[in-house]
Amino acid sequence: MVSKTIALATAILLCVLTVFSAQSATVNKNQTYKTENSVVVNRNSSGSLWSSDLFNPSRFMLNIKLTEAEKKEAKKLVNSFESHMEKGAPFMHHLLTELKNRNLPVELVALPLLESGYNQRARSNAGAKGPWQFIRTTGKSYGLKTSSNYDEFYDFIRSTDASLRYLTHLYNELNHNWDLAIAAYNQGEFTIKRAIRNAQKNGVKTYNMSTLKLSKHARLYVRRFHAYADILRFPEKYGVERPMLKNRPAFKRVQVAGKINSMKKAAELSGVKITTLQHLNAGYLTDSLKTKHQYGLLVPIENARRLEKALSK
């Protein structure tokens, strides 16, 4: 009788331990854990772009704290945030990677939000065009080229490279002040430099948005930039969401020269919607893929292999 009682107690204990172990595993599944190399990892967030090193809080360098006027701008701009970010979604991993490689602040993601809403073919009345809204003279000075069937101003990869080089130049030239660099991106470098010279004549020794006499438009532009940057960093505060993105490139460049000459044909072979290819490859001005320079074709990563396989035949 004693032995049966012991056996029964043992069985009950094992059952309890099994349940407890299962519950512990469920609880711990969503928590951080240490790998063999003692690197802390979060199982749930490791695959998200927004939880990656590219979007780490330390990458936000401008320490923006919204003024009351900027908070009002944020309330206006929040309505456009999600739709603009959806347009920019395919390019977000590339842009964040470029910002990290150049040690530039993540807040600069907000600039195309403000300039074009990530509309690749945006064009202003003043002639600025593309996602970064380069004017002709500035774009050309930073290497952007235009031909009869390809316009690098609309090419996100090339215009991003030019824009980030330009912004770095402005930052270095304008007292290492990002607000002044952003104002200059909109108003022109020499407009801000003229404001600095005027301030110097009046005995001003510290140059920033508060001490310089700048136009109302320049101040509004910087306010809106701050507002978009804050929405980008704290979307939950505004009741909006960033697009769900994996922490990997969204596209691959496939070389098509001498193989196919039509974007419609590329869409057919790759299984990608023509509108998607046109968005990714806005530099092409027509359906023709014939260009002097071999730009290739940006194709969603999940379809690139299919197109390459078809072209190899």
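Keep in mind that what you see is a predicted model, and the values were worked out from it rather than measured. One-based numbering along the sequence shown.
- The shortest heavy-atom contact between Leu174 and Lys193 is CD2-CG, 3.8 Å.
- Side-chain atoms of Glu98 and Thr160 form no donor-acceptor pair, as typed in the model, at a separation below 3.5 Å.
- Between Leu289 and Asn281 there is no side-chain heavy-atom pair separated by less than 4.5 Å.
- Glu241 CD: 12 or fewer foreign heavy atoms inside a 6.0 Å radius.
- Looking at heavy atoms from C-beta onward, Asn103 lies in side-chain contact with Met61 at the 4.5 angstrom threshold.
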Which atom pairs, donor and acceptor, lie under 3.5 Å between side-chain atoms of residues 84-94 and protein residues at least two apart or in another chain?
none

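- Clustering ILVMFWY residues whenever any of their side-chain heavy atoms sit less than 4.5 angstrom apart, transitively, puts Phe251 in a cluster other than the one holding Leu277.
- Aromatic ring centres of Tyr150 and Tyr295: separated by under 6.0 Å.
- No path of Ile, Leu, Val, Met, Phe, Trp and Tyr side chains, each step under 4.5 Å between heavy atoms, connects Val272 with Ile301, placing them in separate hydrophobic clusters.
- Across Glu107 and Ala229, no two heavy atoms sit closer than the pair CG-CB, 4.0 Å.
- With respect to Asp161 and Arg102, a salt bridge is recorded, a charged nitrogen being found less than 4.0 Å from a carboxylate O.
- The heavy-atom pair separating Leu232 from Arg242 by the smallest distance is O-NE, 2.9 Å.
- Taken to the nearest 0.5 Å, the CD atom of Gln294 stands 14.5 Å off from the NZ atom of Lys292.
- Here the side chain of Asn208 pairs no donor or acceptor atom with the backbone of Asn177 at under 3.5 angstrom.
- In this structure, the side chains of Phe234 and Leu66 stay at 4.5 Å or more apart for every pair of heavy atoms.
- When hydrophobic clusters are built by joining Ile, Leu, Val, Met, Phe, Trp and Tyr residues whose side-chain heavy atoms come closer than 4.5 Å, directly or via intermediates, Ile231 is grouped together with Tyr118.
- Surrounding CZ of Arg165 are more than 12 heavy atoms belonging to other residues, nucleotides or ligands, all under 6.0 Å away.
- Without hydrogens or angle criteria, Asn261 side chain to Ser288 main chain gives no donor-acceptor distance under 3.5 Å.
- Across Val109, Asn101, Asn247, a single residue satisfies side-chain contact (heavy atoms from CB on, under 4.5 Å) together with Leu96, and that is Val109.
- The closest donor-acceptor contact from the side chain of Gln133 to the backbone of Gly130 lies under 3.5 Å.
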task = List the steps and the verdict of side-chain contact (heavy atoms from CB on, under 4.5 Å) for Lys252 and Leu298.
result = CA-CA 5 Å; Lys252 179 181 179 182; Leu298 301 184; over 6 Å; no
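- Phe153 is not listed as a side-chain neighbour of Ser159, based on a closest heavy-atom distance of 4.5 Å or more.
- Between Glu152 and Thr146 the shortest side-chain heavy-atom distance does not fall below 4.5 Å.
- A centroid separation of 6.0 Å or more is found between the aromatic rings of Tyr284 and Tyr154.
- Closest approach of Pro131 to Phe156, counting heavy atoms only: CG-CD1, 3.7 Å.
- Clustering ILVMFWY residues whenever any of their side-chain heavy atoms sit less than 4.5 angstrom apart, transitively, puts Leu212 in the very cluster that holds Phe225.
- The NZ atom of Lys129 sits 9.5 Å away from atom CG of Leu144, with the distance rounded to the nearest 0.5 Å.
- The list of ring-ring contact (aromatic ring centres under 6.0 Å, His included) pairs with a residue in residues 165-205, not counting sequence neighbours, reads Tyr142-Tyr166, Tyr166-Tyr185, Tyr171-His176, Tyr171-Trp178.
- The shortest distance between side-chain heavy atoms of Trp50 and Pro243 falls below 4.5 Å.
- None of Glu70, Glu115, Glu73 except one satisfies the salt bridge (charged side-chain N to carboxylate O under 4.0 Å, His left out) rule with Arg224; the exception is Glu73.
- In this structure the side chain of Val222 never reaches within 4.5 angstrom of the side chain of Leu214, judged on heavy atoms.
- Across all their heavy atoms, Leu54 and Arg59 have their closest contact at O-CG, 4.0 Å.
- Other residues, nucleotides and ligands place more than 12 heavy atoms under 6.0 Å from the CD atom of Glu236.
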ask   = Yes or no on side-chain contact (heavy atoms from CB on, under 4.5 Å) for Leu104 and Leu167, after CA distance, side-chain angles and deciding distance?
value = CA-CA 9 Å; Leu104 296 175; Leu167 284 162; 5.8 Å; no
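- Within the model, atoms CG of Leu245 and OG of Ser52 stand 10.0 Å from one another, a figure rounded to the nearest 0.5 Å.
- Separation of atoms OG (Ser48) and NZ (Lys246) is listed at 11.5 Å; rounding is to 0.5 Å.
- Atom NE2 of His293 and atom CZ of Arg158 lie 4.0 Å apart (nearest 0.5 Å).
- Following chains of ILVMFWY side-chain contacts shorter than 4.5 Å, one cannot reach Val299 starting from Ile157, and the two form parts of different hydrophobic clusters.
- Nearest heavy-atom pair across Phe55 and Leu49 is CB-O, 3.7 Å.
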task = Please step through side-chain contact (heavy atoms from CB on, under 4.5 Å) for the pair Arg305 and Glu308, ending with a clear verdict.
result = CA-CA 5 Å; Arg305 179 59 186 149; Glu308 290 172 333; 4.1 Å; yes
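- Under the 4.5 Å side-chain criterion, counting only non-hydrogen atoms from C-beta, Phe134 is not in contact with Lys140.
- Within a 6.0 Å sphere centred on CZ of Arg219, heavy atoms belonging to other residues, nucleotides or ligands number more than 12.
- Remark: Lys237 engages Asp230 in a salt bridge, criterion side-chain N to carboxylate O under 4.0 Å.
- Between the CG atom of Leu285 and the CZ atom of Arg121 there is a distance of 5.5 Å, given to the nearest 0.5 Å.
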inquiry  = Before you tell me yes or no, could you show the steps for His226 and Asp179 under side-chain contact (heavy atoms from CB on, under 4.5 Å), namely the whole-Å CA-CA distance, both residues' side-chain angles and the distance that decides it to 0.1 Å?
reply    = CA-CA 9 Å; His226 283 185; Asp179 281 349; 2.7 Å; yes
